[in-house]
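What follows is a short report on a single structure.
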Amino acid sequence: MLDLKYVRENPDAVRRAMELKKEAGDLEGLLKMDQQRRDLLKEVEDLKQTRNRVSKEIGKQGADSEGAQQKKEEMRAVSTKIKELDDQLRQIDIKMEHLLLSLPNIPDEVVPIGTDEEDNIEVRAWGDKPKFDFEPLAHWDIGEKLHILDFPRAGKISGSRFAVYFAAGARLERALINFMLDLHTVKHDYCEVFPPFLVNSASMTGTGQLPKFAEDAFKVEGSDLYLVPTAEVPVTNLHRDEILDDEQLPLYYAAYTACFRAEAGAHGRDTRGLIRQHQFNKVELVKFVRPEDSDDELEKLTRNAEEVLKLLGLPYRVMLMCSGDLGFAPAKKYDLEVWLPAANTYREISSCSNFTDFQARRAGIRYRPEQGKKAQFVHTLNGSGVAVGRTVAAILENFQQEDGTVVIPEALRPYCGGMERITAT
RNA sequence: GGAGAGAUGGCUGAGUUGGUCGAAGGCGCUCGCCUGGAAAGCGAGUAGAUGGGGCAAAACCCUGUCUCGAGGGUUCGAAUCCCUCUCUCUCCGCCA
């Protein structure tokens, strides 16, 4: 959510952000309503002042005295008027809140102008793509041949876009979660969090999943609870409506959760394999930082996520999102894309964003820079560190051997009980 | 699921015959005195949000409105009375 005052004073910047991000929103309506609201507020506050003053007088002179009767009579009318105006004000507030929530964050000045992923810029690439003397298989074929992935049975017990992992597959998934958490908590100094997987609508609104993206989430029928689409939601909301101490900052959190996504509007895309599931595992990195540090913190966060892929030996590239591919809330975003040989393409495996104060304002997350000074909104950042299912896919495809086995990256072996290679069972 | 108790400022804790209560006291914190320095002691200050004015702006000052878990209601006036909801605690039942 943008600052209303900022919108009022910089309508052109907001208009430009909307164009760049291809977001529709009723800026003009908002500005008009804002003026209306201010006029109305002035009027009703004056009336309240009168009422407060006269009520105090009534108390002083005694409620039963002669003059008091007359004053009560007058104030009855004033109170009725106040109620009317307050009602109008409430209506306007609700509408304005809605309009304000539909305005996207202002892109950082370094964000390249562009319309879609074609215009994203490759910032750097790492690792050598593997060369095969045979036709590399897709990970779902490898997984089924090794009896570690089972999509038909997942379809039976749940439906499409689910997977069952068996044996070394399940072990690999679990090993990756532990490997990533250990890396980020021990080496990168994040605090491990294990949050609820169900969150209420206030939390979903705080991080921006609601109201705009309601159809992407799974809602528990007959309750106010949603399955978390990412750990970003519970972890960012940890500090919702809080004022943090300056010394607490920066706060780094690393959280493993399962993630649940309805994937509405993705019919026919990535229907096979682990790439696009209704349920997947992810280790998420979340930061709360001082505004002046958020630029550097995004770079560090991105490097932390890259470290996972480096240690696993997975080739990847880092993409700077252009304005058209940036999305609604981030001011700046890097995607990490891992190499998938079978598809002969890079696929997103992590997304690292700086939301500046956009989320913090919406979620009411502030800090006090100096004792006795005004509280300011923090800057929030988050990034996958990284998506586990897609990492399994990348490991299977990049480290597959001609004999059908898969070599487990060295860094992961301690987490797999020393297993060096996945063979068919 | 049943019965009961509660939710007040950074924390603790008064305030429940509706008016001088945005809120006592204590703790903590800040500043000052004291001290070689510290502790103790003494004195002063100390909730948040938002609007307007002093002003070009910051600091600062003056001032309006709102906020005592959330939302509604009664009343000239609500922390205080009524209703709904949320959360916390205790006991019982059930359960991994």
Side-chain angles (χ1 to χ4, degrees), chain A residues 1-10 30-98 100 194-206 210 219-220 222-226 234 237-249 251 258 288 291-292 357 360-378:
Chain A
M1 179 167 72
L2 293 172
D3 180 14
L4 180 59
K5 201 191 258 175
Y6 175 87
V7 175
R8 184 154 59 220
E9 287 164 6
N10 304 278
L30 179 68
L31 292 174
K32 216 166 107 189
M33 226 176 271
D34 179 47
Q35 191 52 50
Q36 257 179 43
R37 194 188 77 100
R38 285 151 71 82
D39 295 343
L40 207 54
L41 201 58
K42 170 84 179 124
E43 194 182 347
V44 72
E45 283 192 356
D46 285 347
L47 287 173
K48 282 178 180 174
Q49 183 183 2
T50 307
R51 184 180 66 182
N52 288 345
R53 179 171 45 78
V54 175
S55 287
K56 218 164 248 185
E57 287 169 14
I58 293 174
K60 263 189 198 137
Q61 73 184 125
D64 297 326
S65 61
E66 274 176 58
Q69 290 306 326
Q70 164 110 27
K71 282 176 177 169
K72 282 189 195 178
E73 202 65 40
E74 288 167 17
M75 286 312 102
R76 213 186 312 264
V78 170
S79 254
T80 309
K81 183 69 179 169
I82 288 174
K83 219 164 270 182
E84 262 173 48
L85 295 180
D86 267 343
D87 271 346
Q88 289 182 33
L89 216 46
R90 227 188 325 266
Q91 297 297 321
I92 290 182
D93 277 345
I94 291 169
K95 281 185 200 154
M96 282 183 61
E97 171 90 357
H98 205 79
L100 201 54
F194 189 70
F197 288 11
L198 290 166
V199 296
N200 56 31
S201 57
S203 296
M204 291 286 276
T205 307
L210 293 180
K219 185 170 194 225
V220 177
S223 82
D224 184 44
L225 293 172
Y226 294 79
N237 278 283
L238 283 177
H239 296 297
R240 170 153 48 91
D241 297 323
E242 288 185 9
I243 299 176
L244 303 165
D245 291 333
D246 184 61
E247 309 86 67
Q248 284 179 268
L249 299 180
L251 281 168
F288 300 82
E292 62 269 27
D357 60 1
R361 180 172 299 104
R362 189 171 188 158
I365 308 168
R366 292 171 295 168
Y367 80 111
R368 207 176 291 287
E370 256 179 276
Q371 178 113 26
K373 297 290 182 196
K374 274 185 71 152
Q376 282 185 32
F377 291 109
V378 301

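Only heavy atoms go into these numbers, but all of them, side chains included; no hydrogens, no water, no symmetry mates. Note on naming: letters A, B, ... go to the chains in the order of the sequence lines (proteins, then strands), and numbering restarts at 1 for each one.
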Checklist entry - Is any NZ, NE, NH1 or NH2 atom of the basic residue among A/Arg90 and A/Asp87 found under 4.0 Å from an Asp or Glu carboxylate oxygen of the other? => result yes
Item to check | Whole-Å C1' distance, B/rA78 and B/rC68 | outcome: 11 Å
Item to check | P-based separation of B/rG19 from B/rU12 [nearest Å] | outcome: 27 Å
Item to check | Integer angstrom distance from the P of B/rC42 to that of B/rG26 | outcome: 11 Å
Checklist entry - Atom CE in A/Met75, atom OG1 in A/Thr80: separation rounded to 0.5 Å? => result 11.0 Å
Checklist entry - Charged N to carboxylate O below 4.0 Å: is that the case for A/Glu74 and A/Lys71? => result no
Next on the checklist: Taking the side chain as everything from C-beta on, heavy atoms only, tell me whether A/Lys81 gets closer than 4.5 Å to A/Glu43.
Outcome noted: yes
Checklist outcome for this item: In B/S/- notation (B base, S sugar-phosphate only, - none; protein heavy atoms under 4.0 Å), nucleotides 61-82 of chain B written 5' to 3' is ---BSS-----S-S-BS-----
Next on the checklist: Between B/rC29 and B/rC11, how many Å separate the two P atoms, rounded to a whole number?
Outcome noted: 15 Å
Item to check | Side-chain donor/acceptor of A/Arg361 to backbone N/O of A/Met1, under 3.5 Å | outcome: yes
Next on the checklist: Go nucleotide by nucleotide along RNA chain B from the 5' end; which of A/Arg38 and A/Lys60 gets its closest nucleotide reached first?
Outcome noted: A/Lys60
Next on the checklist: Rounded to whole Å, please give me the gap between CG in A/Asp34 and P in B/rU50.
Outcome noted: 15 Å
Item to check | Trace of the side chain to side chain contact (heavy atoms under 4.5 Å, CB included) decision for A/Arg8 with A/Lys5 | outcome: CA-CA 5 Å; A/Arg8 184 154 59 220; A/Lys5 201 191 258 175; 3.9 Å; yes
Checklist entry - From A/Ile365 CD1 over to A/Asp357 CG, what is the distance, rounded to the nearest 0.5 angstrom? => result 11.0 Å
Checklist entry - What's the verdict on side chain to side chain contact (heavy atoms under 4.5 Å, CB included) for A/Val44 and A/Gln88, showing C-alpha distance, side-chain angles and the deciding distance? => result CA-CA 10 Å; A/Val44 72; A/Gln88 289 182 33; over 6 Å; no
Next on the checklist: What stems show up for RNA chain B when you take Watson-Crick pairs (N1-N3 plus N6-O4 or O6-N4) and G-U wobbles (N1-O2, O6-N3), both under 3.5 Å, and require three or more consecutive pairs?
Outcome noted: B:1-7 with B:86-92, B:10-12 with B:25-27, B:28-33 with B:41-46, B:47-54 with B:60-67, B:69-73 with B:81-85
Checklist entry - Rounded to the Å, how far apart are A/Leu89 CG and B/rG51 C1'? => result 12 Å
Checklist entry - Rounding to the closest angstrom, what is the interatomic distance between B/rG6 and B/rA14 at atom C1'? => result 16 Å
Next on the checklist: Measuring only the C1' atom in each nucleotide, how far is B/rG9 from B/rA79? A whole number of Å is fine.
Outcome noted: 13 Å
Checklist entry - Taking only N and O in the side chain of A/Arg37, is any of them less than 4.0 Å away from OP1 or OP2 of B/rG51? => result no
Next on the checklist: Would you measure the distance from the C1' atom in B/rA24 across to the matching atom in B/rU16 and give it in whole Å?
Outcome noted: 16 Å
Item to check | CD (A/Glu9) with more than 12 external heavy atoms under 6.0 Å | outcome: yes
Checklist entry - Which value, in whole Å, describes the distance between the C1' atoms of nucleotides B/rG22 and B/rU80? => result 14 Å
